[in-house]
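As structure tokens, the structure follows; a few thoughts come after it.
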Amino acid sequence: MINALNKEITVFLNSIEGCSKKSIEIINEKYSSTITDDLSNGHITSNVCMVAASILKLNPKELSIQLAKQLNDLSIYEKVEAAGPGFVNITLKRNDFLSILETIQDKKDFFGQTDNKSGDKIQIEFVSANPTGPLHVGHGRGAAYGDAIARILTAAGSKVEKEYYINDAGRQIDILTASVMLRLNKSNDDFFPQNAYKGLYIEDIATNIKNDKKLEIKIDSSLFLNLSKDPEEEIDQLISALKDRNNKEWLIIKDFSLNSILKSIENDLKDFNVSFDVWFKESSLGNLADNKSKMYASIKKLQDDGEAYLKDGAVWLNTEKSGDDKHRVLIRDDGRATYFASDVAYHKDKVDRKFDKLINVWGADHHGYIKRIEASIEALGDKKEKLIVKLVQFANLFKNGKKVKMSTRSGDFYSLRDLINDIGPDAARFYYLSKQADQHLDFDLDLAKSDSKENIFYYIQYAHARIFSLEEKYHQKTTSKEINRGDGYNASYLKCDKLIHEISKYPSIVNKSAATLHPHLIIFYLRDLSQLLHSFYNDNHVLSEDPENLELIISSLSSVRQVISNGLSLIGISPIQEM
RNA sequence: GCGCCUGUAGCUCAGCUGGAUAGAGCAACUGCCUUCUAAGCAGUGGGUCAGGAGUUCGAAUCUCUUCAGGCGCGCCA
């Protein structure tokens with residue numbers, strides 16, 4: 001409908017005296033024809049005259065009157081009016097307005113998705129929490145967000161691949177291994193370093209190893225005598241000593257711990273309805289000593305291309321070129337690679353996989369890291385615009401009006417698993433996504449469980465359930481199971497118009513949500529739609545309506561339910577059929 | 001000090017690629033259940049869109065600036 005209008009608008013622009021091809025191009029770029037906010041301005045509106053007027057130095061009001069006349073003469077619309085400062089408002093013919101119902105009945109679950117599936121190949125990397133403990137509620141927000149934009153971009157026609165980057169090679173894994181090993185230690189129960197992981201899950205892993213592997217560890221207590229007072233040094237000394245003295249056990253414990261934590265993470269995500277296409281291990285990048293590794297290759301490429309250089313015994317990358325505030329070390333003067341070097345190698349691998357766009361979903365505390373990753377992508381010879389980093393702010397959880405604690409090192413914290421058990425995966429996802437991802441979120445657990453209108457999650461679900469129940473009752477009453485479409489409508493029945501107009505906006509909401517990577521637009525749209533539904537439901541006793549109106553009503557409601565269901569599925573939530 | 005984010009009704013937030021009288025929920029007050037799910041609906045009051053300047057036919061939206069709040073600035077990961 002809008003495309004057809006825009007074609008007529010192009011005809012109009014061409015008919016304006018002194019309007020060059022170039023001007024038309026600029027105007028086409030800038031104006032927009034959209035579905036109106038509400039029916040008081042017709043069904044479709046265009047601001048083309050105001051845009052054209054400012055470029056061509058003409059009077060917008062006069063232009064809009066001309067355009068309205070020209071469109072009226074085509075007699076394909078019920079009514080075209082010039083309005084306000086230069087809008088052109090279009091009222092569709094009745095059958096055209098109602099045709100959206102047929103479209104929805106035809107497309108069903110696919111309504112709102114782009115027909116053209118030849119979009120970009122996009123990789124979204126998200127969560128990527130270090131496998132040193134259970135996921136906390138901060139990770140939950142990233143998981144909900146990454147998964148939602150994956151679904152939304154897919155609906156908008158992109159080919160999306162979801163990836164989790166596992167940091168299984170760094171010092172933190174050593175700390176994990178040491179922590180478990182100390183818990184396994186028979187001979188000295190009371191020694192536990194400050195910087196080791198203290199959670200209960202460490203003890204669980206230790207217990208499981210003991211049972212599964214029949215592993216006994218006895219650490220010579222002399223080891224604990226001469227450790228550094230500095231907690232960082234202390235844990236490093238322990239790690240290297242434990243590795244040396246119990247190397248065989250070390251490797252077994254490391255492997256076992258890592259796998260059990262990864263399994264629990266995967267399990268938490270599964271129960272949160274989040275899945276990944278690729279689990280990418282940092283360790284698969286290999287290490288610098290191996291000249292066949294990806295790690296070696298990426299650093300070598302940077303050096304060969306003159307992007308990385310040697311200074312003070314270390315290898316540096318000039319990241320200032322891309323706006324970073326200082327150069328960054330890739331390889332330390334002792335020959336060990338930095339975390340940054342791994343990330344460069346990882347991003348080289350991503351670039352080599354030929355995605356059109358790389359979306360990284362990071363915790364907001366990593367924002368200082370963006371510039372240097374962009375710089376490394378440019379140094380590797382690609383455009384930094386290919387990388388889109390979306391930051392997700394931390395969420396504060398409130399329970400009984402009090403802030404819920406969540407730190408990983410101290411054992412006691414509220415995990416994603418706790419959240420899922422508490423309010424269910426759907427409500428959790430819903431509230432995570434109810435505010436823009438890059439802003440602080442106060443997550444009220446009591447609200448998410450409450451049964452008032454303030455709980456928008458149930459407000460929307462309730463709208464869906466009400467329609468579902470009506471449809472069931474309607475089908476029981478009528479002999480034919482199929483709802484008749486099209487010519488059976490009583491087109492003069494107007495009470496459903498607000499609903500029909502609202503659902504016709506849905507495809508553009510999906511597109512906007514995809515273009516801006518803002519899933520919350522879907523939520524706010526569904527809330528508005530639900531509000532109209534509840535209002536309609538209260539004003540009209542559907543099943544006792546005149547039979548000649550009933551088909552249109554049921555078809556409208558059915559379409560509303562379909563749109564709610566489709567919208568919810570974009571944010572990974574299943575609709576409820578019965579409250 | 002530098003960088004990023006934020007400031008809209010008493011509270012929690014939408015709206016931000018400039019567009020028509022700035023919206024919603026909560027809270028306050030008033031109505032609506034002998035009929036399909038009241039986890040609902042209808043109504044009333046409530047605003048210098050943090051302050052200032054600029055661009056524009058038009059600014060909550062763009063630019064500059066001031067103020068206030070949050071976060072980040074390791075050869076840690």
Side-chain angles (χ1 to χ4, degrees), chain A residues 29-32 36-37 40-41 45 47 50-51 53-54 57-61 83-87 89 130 132 167 169-175 232 236 282 311-316 323-343 363-371 391 393-394 434-436 438-442 444 447 450-463 465-474 477 512 515-516 520-521 523-525 527-528 530-531 533-545 576 578-579:
Chain A
E29 187 78 12
K30 287 186 75 177
Y31 88 89
S32 60
T36 54
D37 289 341
S40 61
N41 291 322
T45 185
N47 64 357
M50 289 180 288
V51 171
S54 76
K57 305 284 174 225
L58 295 169
N59 182 322
K61 187 91 201 169
F87 290 101
N89 293 339
N130 286 333
T132 54
N167 290 107
R171 175 166 167 263
Q172 300 195 47
I173 298 304
D174 287 338
I175 299 177
E232 295 285 332
D236 283 337
E282 181 186 1
K311 187 187 150 205
D312 301 334
V315 177
W316 298 71
D324 200 4
D325 44 13
K326 56 185 275 197
H327 295 198
R328 305 289 172 175
V329 170
L330 288 164
I331 303 171
R332 300 180 180 94
D333 52 12
D334 63 6
R336 283 155 47 229
T338 60
Y339 180 79
F340 179 46
S342 294
D343 252 1
D365 53 333
H366 287 70
H367 87 252
Y369 210 74
I370 297 174
K371 290 262 165 67
L391 296 177
Q393 282 285 358
F394 282 106
S434 65
K435 198 176 168 184
Q436 281 191 41
D438 61 355
Q439 293 181 27
H440 292 274
L441 173 73
D442 286 338
D444 185 339
L447 172 64
S450 81
D451 53 2
S452 74
K453 183 176 181 177
E454 203 182 351
N455 187 345
I456 317 168
F457 174 66
Y458 281 110
Y459 185 74
I460 293 169
Q461 293 284 21
Y462 188 32
R466 277 183 149 175
I467 301 173
F468 187 84
S469 151
L470 275 183
E471 284 177 305
E472 292 234 297
K473 293 199 166 69
Y474 172 75
K477 266 176 70 172
K512 191 172 181 187
T516 55
H520 74 281
L521 297 180
I523 285 183
F524 282 95
Y525 167 75
R527 191 204 54 195
D528 291 345
S530 301
Q531 177 152 39
L533 183 277
H534 287 307
S535 180
F536 180 87
Y537 188 93
N538 261 269
D539 289 348
N540 303 281
H541 192 265
V542 172
L543 294 178
S544 52
E545 276 288 334
I576 293 176
E578 204 175 323
M579 298 296 285

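Numbers restart at 1 for each chain; the letters A, B, ... are given by sequence-line order, proteins then strands. Just so you know, these numbers come straight off a predicted model, no measurement behind them.
- The residue A:Tyr369 sits close to a base: some heavy atom pair falls under 4.0 Å.
- The stacking criteria are not both satisfied for A:Phe87 over the base of B:G19, which would need a centre-to-centre distance under 5.5 angstrom and an angle between ring planes under 30 degrees.
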Intra- and interstrand pairs of RNA chain B - dot-bracket, Watson-Crick/G-U under 3.5 Å, | marks other strand: (((((((..((((.....[...)))).(((((.......))))).....(((((..]....))))))))))))....

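- Within 3.5 Å, a donor on the side chain of A:His367 pairs with an acceptor on the base of B:G3, or the reverse.
- A donor-acceptor contact under 3.5 Å links the side chain of A:Asn538 to the base of B:G40.
- Side-chain atoms of A:Thr45 and base atoms of B:A20 include a donor and an acceptor less than 3.5 Å apart.
- A search for side chain to side chain contact (heavy atoms under 4.5 Å, CB included) contacts involving A:Asn47 returns A:Tyr31, A:Ser32, A:Met50, A:Val51, A:Phe87, not counting sequence neighbours.
- Applying the salt bridge (Lys or Arg N to Asp or Glu O under 4.0 Å) criterion to A:Arg328, with sequence neighbours excluded, gives A:Asp324, A:Asp325.
- Taking atom CG on A:Asp528 and atom P on B:A24, their separation rounds to 10 Å, with Å as the unit.
- In this structure, A:Asp365 reaches the sugar-phosphate backbone alone: every heavy-atom distance under 4.0 Å involves primed, P, OP1 or OP2 atoms, never a base.
- A donor-acceptor contact under 3.5 Å is not formed by the side chain of A:Asn47 with the base of B:A20.
- The salt bridge (Lys or Arg N to Asp or Glu O under 4.0 Å) test applied to A:Asp174 returns A:Lys243, not counting sequence neighbours.
- Across all strands shown, A:Ser342 has no heavy atoms under 4.0 Å from either base or sugar-phosphate atoms.
- Between the side chain of A:Arg527 and the backbone N or O of A:Ile460, no donor-acceptor pair lies under 3.5 Å.
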Base contacts versus sugar-phosphate-only contacts with protein, heavy atoms under 4.0 Å: please encode nucleotides 11-16 of chain B as B, S and - from 5' to 3'. --SSSS

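- Within the 4.0 angstrom heavy-atom criterion, base atoms lie near A:Asn540.
- A donor-acceptor contact shorter than 3.5 Å is absent between the side chain of A:Thr45 and the backbone of A:Thr36.
- Taking A:His327 as the reference, A:Tyr309, A:Trp316, A:Asn318, A:Glu320 meet the side chain to side chain contact (heavy atoms under 4.5 Å, CB included) condition, with sequence neighbours excluded.
- Taking the O4'-C1'-N9-C4 or O4'-C1'-N1-C2 dihedral as appropriate, B:C13 has a value more than 90° from 0 and is therefore anti.
- OP1 or OP2 of B:C75 has at least one side-chain nitrogen or oxygen of A:Lys326 nearer than 4.0 Å.
- At a threshold of 4.0 angstrom between heavy atoms, the contacts of A:Asn167 with the nucleic acid are absent.
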